Each structure stands twice: as structure tokens, then as C-alpha cells.
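Quick caveat, the model's predicted, so the values are computed rather than measured. In what follows, every heavy atom counts, from backbone to side chain, and hydrogens, waters and symmetry copies are set aside. Per chain, numbering begins at 1; letters A, B, ... match sequence-line order.
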Number of protein chains: 2
Amino acid sequence: MSSDGPRLRADARRNVEGIRTAALDVFRAHGLNSPLDEVARAAGVSKGTIYHRFGGRQGLIDAVVEELVAERILGIITAVRAIEDPVERFESYLRQIWLLQYDEPAANDVLLRALPGSEPIAALCEHASKVAGGFLGDAQATGAIRDDLTEEDVYLLIWERGIIARACDQQHRDGFVRSFEHTLRGLRAGS
Amino acid sequence: MSSDGPRLRADARRNVEGIRTAALDVFRAHGLNSPLDEVARAAGVSKGTIYHRFGGRQGLIDAVVEELVAERILGIITAVRAIEDPVERFESYLRQIWLLQYDEPAANDVLLRALPGSEPIAALCEHASKVAGGFLGDAQATGAIRDDLTEEDVYLLIWERGIIARACDQQHRDGFVRSFEHTLRGLRAGS
DNA sequence: AGGGTTCTTGACCATGACGTCAAGTAACGC
DNA sequence: GCGTTACTTGACGTCATGGTCAAGAACCCT
């Protein structure tokens with residue numbers, strides 16, 4: 001997990017770790033678009049060092065995204081898989097993803113695909129979409145979920161919620177939930 | 001409609017008109033947060049003149065908001081009032097407002113209450129909310145719309161759609177519609 | 001310990017926005 | 001026409017961001 005070629009000098013290694021940690025904190029709190037100066041300050045280094053070590057925001061994100069987000073998303077998938085009823089499984093998946101988007105701005109940024117050109121992120125999104133598609137199919141097979149719903153619709157719903165979550169700015173959590181429950185009801189067959 | 005005290009010099013009057021016109025164009029195209037330089041350029045005037053004549057963005061907005069937005073919103077209210085079926089009236093109101101938000105960034109900004117401290121705008125929003133509340137009540141009385149829905153919920157739905165519309169950036173109109181139809185279905189009773 | 005190399009720093013440039021004001025320009029009244 | 005006054009200009013100051021780089025500091029090896 002930590003073999004990047006030549007071996008760094010002691011201070012450099014220390015800084016890389018410090019920056020990673022700071023980035024985790026800052027990104028978790030304010031999303032992946034936080035000013036890099038803030039990360040630098042939190043790490044007790046200068047901005048230049050981040051550019052030097054990680055090549056800019058994209059590199060920094062790549063370096064922390066796994067720890068920051070992947071496990072949360074994969075955790076949801078795993079947890080939801082255990083639900084037997086396909087409809088409940090599908091709805092639960094959406095609920096959990098939506099809440100994650102609300103609670104973790106960084107996860108939200110990832111799901112919104114707001115980060116062009118990062119391979120691990122793209123892969124993660126791809127996977128999540130496939131999984132969602134599976135859940136959707138199973139749920140539709142029971143007849144309880146509208147069958148004109150597509151995988152793309154599901155992604156759209158997630159995207160929209162993400163945009164909303166981003167604008168909410170840590171308030172109104174119950175309004176957020178209340179409102180996505182309306183949408184969820186609208187996905188059921190026979191309205 | 002045009003008696004603001006002392007009477008302006010000819011060039012000033014010309015400029016005020018030009019700026020108003022330019023502001024209508026620019027605001028219509030890019031919303032009420034467009035850079036004032038852009039308005040100035042469109043009016044063939046320098047930025048300073050806008051500040052001089054209108055006192056800044058807020059004043060400029062106040063000067064055009066009526067023509068820009070009020071009539072659209074009031075038009076929708078009037079049109080929708082003519083619908084007899086209360087449920088259809090309520091749903092139609094939401095649809096039209098949502099489309100307006102999508103199509104006119106400026107109207108959206110107004111409905112999002114993104115402009116603090118402008119009296120005419122506040123009044124307009126107030127009025128729209130009251131009207132929406134009325135439509136909601138009538139629709140609920142028929143039993144076809146969930147009765148746990150509040151006027152505040154309706155405002156929330158409008159707010160959320162506005163946020164989404166703002167992020168859409170002139171694409172995906174059908175996705176936008178498709179998705180709000182889901183929400184609309186979720187507002188109906190008995191799901 | 002000291003020389004050579006790796007790292008870090010923070011001042012610097014750029015962009016794009018808001019808002020101000022002294023100085024220049026144009027209209028008006030006589 | 002011409003002086004007076006109203007009006008406009010655009011350069012300037014400010015702030016917040018992204019990003020770079022020469023010069024100085026820290027480290028590591030011998």
C-alpha cells in the first residue's frame with residue numbers, strides 16, 4: 001500500500017501523511033472542492049508542498065478517496081444486499097445513498113461525478129450504478145415498482161438529490177428526508 | 001411609472017433605459033447573479049454608471065424584476081385558476097412553476113429567495129406561497145392529495161426544483177420533467 | 001561535520017468578481 | 001457660445017481562489 005518508488009526523505013514522508021490526514025478531515029467536512037490552502041493549513045505545511053507531493057487537487061483526491069468514500073458506498077451496498085424483499089432493498093438503497101449524500105459532502109461530490117478524469121472514482125460510480133440497476137430490476141420484477149423506470153432514471157434521482165444536498169448546507173435534514181420520501185412513493189407502481 | 005424626482009439629463013435618461021434593457025436581457029439569460037460588468041457591456045456603458053444610477057445589483061434588480069418575472073408568475077397563477085378540477089389545478093400549478101424555474105433562471109432566483117432584502121420580491125413570493133397554499137387545500141379536500149402535505153412542503157418542493165434547475169444549465173429538460181413527475185405522483189394520496 | 005541532494009516555503013502571477021472615486025466629458029441654461 | 005453642473009469613465013483597491021518557482025532549509029550519507 002505504500003511503495004511509491006525511490007523512498008522519500010523523512011520530512012517528506014511525514015508531510016505526505018500529514019497532508020493525507022488533513023485532507024481527509026477537510027474534505028469530509030466541506031467536500032472535495034475545499035480550498036487547498038485550507039488543507040495545507042490544517043496539515044501545517046505550505047500550499048506548494050501539496051502541489052509538489054500530489055500534483056494538485058486531483059492527485060490529492062485520488063490519494064484519499066478510497067479511505068474517504070469508497071468504503072462508505074460499498075458498505076451501503078453490502079448492508080442493503082442482506083435485505084430480502086426486493087422492493088425494500090431497492091428503496092433502502094436509495095434512502096441510504098441519499099442520506100450519505102446529505103451527510104458526507106465528499107461522498108456526494110463523488111456520486112455527482114463532479115470530478116472528471118479520476119479513474120478510481122469512475123470505477124466506483126460504475127459499480128454503484130450497476131448495483132443500483134440490479135436492485136431496480138429485482139424490485140420491478142415484483143410488480144411493485146413502476147416498470148418504465150430505467151437505470152438512468154435512478155442515476156438522475158441520485159444526481160438531483162446530490163445537488164440538493166449540496167445546497168442544504170447542514171440544515172433541514174428532515175425536510176430533505178420528507179421530500180425524498182415523496183419521490184420514493186412516486187416510483188411505486190399503480191399511481 | 002417614471003417620476004423619480006428632479007428629472008434627469010438627456011444622456012442619463014438614455015442610459016437608465018439602456019441599462020434596464022440590457023439588464024433584462026442578461027438577467028433573463030443568466031439569472032440575477034450575472035456580473036454587472038456584463039450588463040454594463042451590453043448596455044454600452046461603464047460599470048460605474050450602473051452603480052451611480054441604480055446603487056448596485058439590488059437596485060438594478062428592483063428596477064427590472066417586475067417586468068422580468070412578476071408577470072410570468074402572476075400569469076401562471078391566473079392561467080391555473082381557470083382550471084376547474086382542484087387536483088389538476090394544484091398539479092398544474094406546480095408543473096408550470098417548475099418549468100418556469102427551469103426556463104427562466106431569473107424567475108428561479110426570485111423563487112429561491114436568493115435575493116435578501118428586496119421588498120417587491122418578498123411580496124411576490126409571499127403572494128405565490130399563499131396562492132399555492134390555497135390550491136393545496138382545495139386539492140386535499142377532494143381526498144386525492146395526501147393530507148399530511150403542508151404549505152411549507154410545497155415551498156420546499158419548489159425550492160428543491162429550483163436548485164436542480166440551476167444546476168441543469170440548459171440541458172436535460174426531459175429528465176427534469178420526468179423526475180418531477182415522479183415527485184408529483186408521490187404527493188397523491190393512497191400510496 | 002559538511003557537502004550534495006531533496007524538500008519546503010511564501011512571495012508571486014493570474015483570474016474574475018465587487019465596489020469606489022478623481023478626473024474628464026457632455027448636456028443645459030443663459 | 002460658454003460657463004456651470006450633472007454625468008460618465010476606467011483605473012484602482014479588495015477579496016478569494018488556483019497555481020508556480022527561485023531561493024533557502026532540512027535531511028542523509030559518508
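- For the residue pair B:Ser129 and B:Glu151, no side-chain donor N or O sits within less than 3.5 Å of a side-chain acceptor on the partner.
- Rounding to whole angstrom units, CG of residue B:Asp37 and C1' of D:dC12 are separated by 14 Å.
- Distance check, rounded to the nearest 0.5 Å: NE2 of B:His52 to CG of B:Asn15 gives 10.5 Å.
- Residue A:Leu8 contributes atom CG, which lies 14 Å from atom C1' of D:dC28 at whole-angstrom precision.
- Counted within 6.0 Å of CD on A:Glu152, heavy atoms from surrounding residues, nucleotides or ligands total 12 or fewer; the atom is thus considered open.
- When the C1' atom of D:dC27 is taken as reference, atom CZ of A:Arg7 falls 13 Å away, rounded to whole Å.
- Scanning atom types as modelled, no donor and acceptor separated by under 3.5 angstrom connect the side chain of B:Lys47 and the base of D:dG10.
- Remark: P of D:dG18 and CG of A:Asn33 are 9 Å apart, rounded to the nearest angstrom.
- Figure legend: B:Arg113 and B:Tyr155 shown as a cation-pi pair, the cationic atom lying under 6.0 angstrom from the six-membered ring centre and within 45 degrees of its axis.
- Looking at A:Arg161 and A:Ser179, their side chains do bring a donor and an acceptor atom within 3.5 Å of each other.
- A donor-acceptor pair shorter than 3.5 Å cannot be found between the side chains of B:Arg28 and B:Ser34.
- Near-neighbour residues of DNA chain C inside residues 9-22 of chain A, defined by a heavy atom below 4.0 Å, number-ordered: A:Arg9, A:Asp11, A:Ala12, A:Asn15.
- Map A:Gly48 and A:Leu36 each onto its nearest nucleotide of DNA chain D; the residue landing nearer the 5' end is A:Leu36.
- Atoms CD1 and CD, from B:Ile76 and B:Glu71 in turn, are 11.5 Å apart once rounded to the nearest 0.5 Å.
- Between the P atom of D:dA16 and the CZ atom of A:Arg41 lies a distance of 11 Å, rounded to the nearest Å.
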Between B:Arg173 and B:Asp103, is a side-chain contact (heavy atoms from CB on, under 4.5 Å) present by the stated rule, with each step listed? CA-CA 9 Å; B:Arg173 196 170 196 272; B:Asp103 291 328; 2.6 Å; yes
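- Only A:Thr49, A:His52, A:Arg53, listed by number, bring a heavy atom of residues 49-57 of chain A to less than 4.0 angstrom from any atom of DNA chain C.
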